[in-house]
Number of protein chains: 2
Amino acid sequence: MPTVSSEELATAAGVNSAKLRKDFSYLGSYGTRGVGYDVEYLVYQISRELGLTQDWPVVIVGIGNLGAALANYGGFASRGFRVAALIDADPAMAGKPVAGLPVRHTDELESIISDNGVSIGVIATPAGAAQQVCDRLVAAGVTSILNFAPTVLSVPEGVDVRKVDLSIELQILAFHEQRKAGEENAPSPVPPRSGAAVRAASENRKGPDGDVPAVMPA
Amino acid sequence: MPTVSSEELATAAGVNSAKLRKDFSYLGSYGTRGVGYDVEYLVYQISRELGLTQDWPVVIVGIGNLGAALANYGGFASRGFRVAALIDADPAMAGKPVAGLPVRHTDELESIISDNGVSIGVIATPAGAAQQVCDRLVAAGVTSILNFAPTVLSVPEGVDVRKVDLSIELQILAFHEQRKAGEENAPSPVPPRSGAAVRAASENRKGPDGDVPAVMPA
DNA sequence: ATGCCTTTGTGAACGCGTGCACAAAGATGG
DNA sequence: CCATCTTTGTGCACGCGTTCACAAAGGCAT
């Protein structure tokens, strides 16, 4: 039986082994003392907890460049997501195949949602259309929305919205870049590091994540 | 002179006013007691600290759907970014206009970087090409990379990489969705909330951000 | 000029998550 | 069957960030 110790996993992930064990313990006691964790069983337990073992039908609304990119993105299927339909308001797009699926017109939105039991919707429309699409999705039964449009959506209680701003990551890079350039000569007038408000984590990071103030102008 | 109090801003942003004042204090003492902060001056100070007043030339490599979507994204210009060039390996793409810019061939990558003093690169290529493109960008002088390809890039010390995984946000939504469904009948076998490892913050959130374990299978 | 009212800036306390360190558990070998 | 060795699961302490609370500061009216 192939196993891994918390120490191995922690080293690989770059985190503390105690934290990792403590996190795992919230899923139950699946390890064996003196041996470690059964890899296969652990993968299953984590997958189940994260919802990877379920099948999540999603719809993508707004099949422009971004919508098409999302439709073609291979990472969804392996994470338990299934693109139930691609929806666009442009009648000229209707029926046209994108990533192997025919684009459906917005008129069909409600029926697609209910027929497929979709509870997660992705909005990749222009900013102007986002709120309207959002309202229709919610009315049709969607309770989680991933918003790529540069608008803050308002939704009723009980509906989750996550907004992805493609420029934020770029801005964090620029912030670090500025620091790099500044450190060469002038000792920053700002104290070393403190006062956080927004934080982001990702793989592929050098050093601590950038702390940026809570409010920023558009 | 239009002003805002820390209390007003804090309420609008949904954070504590003391934290906001403390954050601002790291930029210096720009407020006036009994009055608040001069809006215009505050915006300028924050903009400057975040690097919004600078001009950041960036290149986008890989002009597929995603690359094109990024090139068309309006949010960059207002954040101080300027798309210096779009680069693609496909000779058929060369010269073709995307978002008003002619696509350049990969052969020109090095000269474009140095001619424009580009220090930030965006990779929107297929996974297979990402590391190679990354190496060339770094060799040409790029010190910050935003990676949309589903690969972990390895870079030399001193180079920042941020990876954007378009499916992670979706996965967080699915995780919450699962919780919603589960709470209806079975009281979750997992203790209420604890043991965090990855965290994400965004506008548009209902309730606390989802805590998900540090390691997950592909 | 003086007193009052508002809001900042920050010292200090609180709370929470991380990391340490160890006892308990189980496997393994003699 | 016992001793030993490894690794888990977790109580506890430390450290850091958030929040409280208030003195100092400045505006404004009288």
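A, B, ... follow the sequence lines: proteins, then strands. Residue 1 opens every chain.
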(Q) Given D/dG27, C/dT10, C/dA27, identify the nucleotide with an atom nearest to the side chain of A/Val35. (A) C/dA27
**Q.** 5' priority, DNA chain D, between A/Tyr30 and B/Gly34 [closest heavy atom]
**A.** A/Tyr30
**Q.** Atom pair distance, as rounded to whole Å: CG in A/Leu20 and P in D/dT10
**A.** 15 Å
Q: Rounded to the nearest angstrom, tell me the gap between atom CE in B/Met1 and atom C1' in D/dG26.
A: 12 Å
**Q.** Rounded distance (Å) that lies between atom P of C/dG26 and atom CG of A/Asp38
**A.** 16 Å
Q) To the nearest 0.5 Å, what is the distance between CD (A/Gln171) and CD1 (A/Ile168)? A) 7.0 Å
Q) Can you find a side chain N or O atom of B/Tyr37 that sits less than 4.0 Å from OP1 or OP2 on C/dG9? A) yes
Q) Rounding to a whole Å, what distance do you find between A/Arg21:CZ and C/dA25:P? A) 16 Å
Q | Protein-nucleotide distance (A/Gln45, atom CD; D/dT8, atom C1'), rounded to Å | A | 16 Å
Q) For the side chain of A/Lys22 and the base of D/dG11, is some donor closer than 3.5 Å to an acceptor across the two? A) yes
Q. Among the nucleotides C/dA21, C/dA27, C/dG19, which one has an atom lying closest to any side-chain atom of A/Lys19?
A. C/dG19
Q: Could you tell me the separation between the CG atom of A/Asp23 and the P atom of C/dT18, rounded to a whole number of Å?
A: 8 Å
Q: Please confirm whether any donor atom in the side chain of A/Arg33 sits under 3.5 Å from an acceptor in the base of D/dT7, or the reverse.
A: no
(Q) Can you see if the side chain of B/Ser6 gets near the phosphate of C/dT8 - specifically, an N or O under 4.0 Å from OP1 or OP2? (A) yes
(Q) Can you tell me how far apart CD1 (A/Ile123) and NZ (A/Lys163) are? Round to the nearest 0.5 Å. (A) 12.0 Å
(Q) I need the CG-C1' distance between B/Asn16 and C/dG15, as an integer number of Å. (A) 14 Å
Q: Considering only NZ, NE, NH1 and NH2 on the basic side and carboxylate oxygens on the acidic side, decide whether A/Arg179 and B/Glu49 come within less than 4.0 Å.
A: yes
Q: Could you check how far CD of A/Glu7 sits from P of D/dT6, rounded to whole Å?
A: 14 Å
Q | Check: A/Thr143/B/Glu177 side-chain N/O donor and acceptor closer than 3.5 Å | A | yes
Q.
Does either side chain, that of B/Asp38 or that of B/Tyr44, offer a donor lying less than 3.5 Å from an acceptor on the other one?
A. no
